[in-house]
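Have a look at the structure below, then the notes.
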Amino acid sequence: MTKKYITTAIPYMNGNPHIGHAMDYCLADVCARYLALTGNEVRFQAGTDEHGSKIAQKADELGVEVQNFVDEKAKTFKDFIAKLNVSYTDYVRTTDEWHERRVQEIWRKLKDHIYLAKYEGWYCTGCERFITDKEYAENDGICPDHLKPYEKLKEENYYLRLSDFKDDLRKAIESGEMLILPDFRKKEILKLLEESPDVSISRPVTQLKWGVPVPDDPSQVMYVWVDALSNYITVLGYPEEDISDWWPATAQFVGKDILRFHAIIWPAMLLGMGLSLPKVLVSHGMVLADGQKMSKSIGNVVDPNEVIDKHGIDAFRYYFLRHIDTFDDSDFTWTKFEDAYNNELANDLGNLVQRLATLAAKNGIKIGNDTNVSKLSPEYCELMDKFEFSKAFDYVWEKVQGLNKRIDDEKPWELAKNGETEKLEKCLTSLVLDLLQVNAELSPLIPGTSEKIASVFAGEINPPKTPLFPKN
RNA sequence: CGCGGGGUAGAGCAGUCUGGUAGCUCGUUUGGCUCAUAACCAAAAGGUCGUUGGUUCAAAUCCAACCCCCGCAACCA
């Protein structure tokens, strides 16, 4: 049994769960379920990112203790992940004591690549980041997002010497040793890598209190990314435990907006610790609303809870994994969602199960423990292995539609009328077995529905009493 | 001249590398069927393949120029 490790990006606790988080979880979950289905032992991480001054600030505004604030938020997210039916095995909160302790150990291991230096330049308190001279000039000294003038800042920070790793990193990305998907993101990262300066990885405690203290220097606190990125291995027990069974990760799922941290800083940290690089970084796109970015100011934000409540979690998973592009930005619209639900889930699949179950039950068909039903087709596996989830499910759907066509072509109801019992039995048995094979391929995508379908045909065949996908 | 992706039927996309009658899904129209969630199956209509020019017997596909959209750069996955 091969061991596989899948990770999700840990969301920052300054907002509520949104549709983008759901996208990340769904992709990783399909991957994890597929790997388990093909006989691998899978560990699957999820968690929450809870440090940083923005979170502290938010708690201040609300007049609550920071710890209480993140406890509350973290619970919201954990409930949300449960609602998505995500099959994670390991969960990390960056405020977990064991995480903080291990991050400090990681810092110690990186020490040869860390140096202290003075930064002098522009800073935006709103963005919480350093501003280059070029940016300063372009924006006439005023932050376009926060409409506040940049501040002159002089402070000491620790830096990670990225230049120690650039060559190795570039080779690893070019050769595919650390595969970045899709390919156009790989090109972007390679270019970005060349231009990347050393990264500041700490802030003075006077600026940032809510974080993990730098070991042996109480005046500095770790920059949140160092803390957050480490979660992928602290959750496995690093450095206290031997993680070589699980690391390097089989695949790490991230949004395109945070790919740069995962494709440059994170691998640099890993190389600094003498660990291997993740095998694959899967960068997915953003979910748009009518071609536009979802934003509070435009007011076009789609609440994932609303979508799930409308037609259930499997309809949600189905739409996001089949009709939202795995790698690039795509639209969510209610019309498209409803169309997919009615035409594909209810009419194609739901009705197929219903009609076939009814035919089989009426004619006394029984399916034994046929082992072939869980056999996955090579075409399907090939697409899944390449993380082409939406294409894989397109392929499966052709089979769903093919079964409907076969029923029409073979007309089992006529065979029944004509008393051709033997032929009828053969025809229906074959159809049911093929449906169960398709069902196995659907199980990573819509696990709940897949179980229901399996139970309909297990032993005595019982057609669903209520439709799998009811229409209103 | 920053780098990159893209402009193909009403919508979303494939086809472009390796030129040879323009394809898929949804939507629309019509026909068939009755096991089934007014579901299913079949057929039809619908396109100057961003613009202009070039190469070729032949261009969505190769070459050149131009126009338009988007990403890499905004709290956010």
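Reminder, nothing fancy here: chain letters follow the sequence lines and each chain counts from 1. Fair warning: this is a prediction, and the values are worked out from it, not measured in the lab.
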> Has K405(A) got a side-chain N or O lying under 4.0 Å from the OP1 or OP2 atom of rA42(B)?
Replying inline: yes

>> Could you tell me the Watson-Crick or G-U partner of rG10(B), where both distances fall under 3.5 Å? Say none if there is no partner.
In response: rC26(B)

> To the nearest Å, how far apart are I189(A) CD1 and rC3(B) C1'?
Replying inline: 13 Å

> Within this structure, what is the CG-to-C1' distance between D329(A) and rG12(B), rounded to whole angstrom?
Replying inline: 15 Å

>> I'd like to know whether F316(A) forms a ring pair (Phe, Tyr, Trp, His ring centres under 6.0 Å) with Y319(A), so could you lay out the CA-CA distance, the side-chain angles of the two residues, the decisive distance to 0.1 Å, and finally the verdict.
In response: CA-CA 5 Å; F316(A) 182 93; Y319(A) 184 83; 8.6 Å; no

> Considering only the P atoms, how many Å lie between rC67(B) and rU48(B), rounded to the nearest integer?
Replying inline: 24 Å

> For the pair made of CZ in F337(A) and C1' in rG27(B), what is the distance, rounded to whole Å?
Replying inline: 19 Å

> Is any side-chain N of the basic residue among K405(A) and D409(A) closer than 4.0 Å to the acidic one's carboxylate O?
Replying inline: yes

>> Partner lookup for rC62(B), please. Criteria are Watson-Crick or G-U wobble with both distances under 3.5 angstrom; report none if nothing qualifies.
In response: rG54(B)

> Would F327(A) and V282(A) satisfy side chain to side chain contact (heavy atoms under 4.5 Å, CB included), going step by step from the backbone distance to the final call?
Replying inline: CA-CA 8 Å; F327(A) 300 116; V282(A) 182; 3.8 Å; yes

> If you look at every strand shown and take non-hydrogen atoms under 4.0 Å, does M286(A) touch a base, only sugar-phosphate, or nothing?
Replying inline: base

>> What is the separation between atom CD on E195(A) and atom P on rG2(B), rounded to the nearest whole Å?
In response: 14 Å

> Which value, in whole Å, describes the distance between the C1' atoms of nucleotides rA58(B) and rA65(B)?
Replying inline: 23 Å

> For K336(A) and rC13(B), what is the distance between atoms NZ and P respectively, to the nearest whole Å?
Replying inline: 7 Å

>> Measuring only the C1' atom in each nucleotide, how far is rU21(B) from rG2(B)? A whole number of Å is fine.
In response: 44 Å

> Taking the six-membered ring for Trp, are the ring centroids of F337(A) and H311(A) within less than 6.0 Å of each other?
Replying inline: yes

> So, Y223(A) and N157(A): side-chain donor and acceptor under 3.5 Å apart, yes or no?
Replying inline: no

>> I need the CD-P distance between E398(A) and rC40(B), as an integer number of Å.
In response: 17 Å

> Across all strands, who's sitting opposite rC49(B) as a Watson-Crick or G-U wobble pair, both distances under 3.5 Å?
Replying inline: none

>> Can you work out whether N342(A) or H21(A) has the more 5'-proximal nearest nucleotide on RNA chain B?
In response: N342(A)

> When we call it a touch if two heavy atoms are under 4.0 Å apart, what does G20(A) touch: a base, just sugar-phosphate, or nothing?
Replying inline: base

> Considering only the P atoms, how many Å lie between rU16(B) and rG23(B), rounded to the nearest integer?
Replying inline: 15 Å

> Would E188(A) and R185(A) pass as an ion pair if we require N to O under 4.0 Å?
Replying inline: yes

>> Please classify the nucleic acid contact of V254(A) as base, sugar-phosphate, or nothing, using heavy-atom distances under 4.0 Å.
In response: sugar-phosphate

>> Ring centres under 6.0 Å, that's the criterion: do W266(A) and Y232(A) meet it?
In response: yes

> Taking atom C1' of rC17(B) as reference, at what distance in whole Å does atom CG of D183(A) sit?
Replying inline: 14 Å

>> I'd like to compare against my own output: the B/S/- annotation of nucleotides 29-39 of chain B with a strict under-4.0 Å heavy-atom distance to protein.
In response: ---BSSBBB-S

> Which nucleotide, in any strand shown, forms a Watson-Crick or G-U wobble pair with rA74(B), with both distances under 3.5 Å?
Replying inline: none

> How are the rings of F389(A) and F387(A) set to each other: parallel, tilted or perpendicular (split at 30° and 60°)?
Replying inline: perpendicular

>> Give me the distance, rounded to whole Å, that separates rA14(B) from rA22(B) when you measure between the C1' atoms they each carry.
In response: 11 Å

> What nucleic acid atoms does E410(A) come within less than 4.0 Å of, heavy atoms only: base, sugar-phosphate, or nothing?
Replying inline: nothing

> Between rC72(B) atom C1' and I180(A) atom CD1, what is the distance in whole Å?
Replying inline: 14 Å

> On a whole-Å scale, what distance lies between the C1' atoms belonging to rG6(B) and rC49(B)?
Replying inline: 14 Å

> Just checking H18(A): base, sugar-phosphate only, or nothing, at a heavy-atom cut-off of under 4.0 Å?
Replying inline: base

> Got a salt bridge between K171(A) and D167(A), using NZ or NE/NH1/NH2 to carboxylate O under 4.0 Å?
Replying inline: no

> Using atom P of each nucleotide, how far apart are rC3(B) and rC66(B) to the nearest Å?
Replying inline: 14 Å

>> Please give the distance between the C1' atoms of rC17(B) and rG53(B) as a whole number of Å.
In response: 24 Å

> For rC33(B), which nucleotide in any strand shown is its Watson-Crick or wobble partner with both distances under 3.5 Å?
Replying inline: none

>> The side chain of N14(A) is closest to which nucleotide in this list: rC72(B), rU25(B), rC75(B)?
In response: rC75(B)

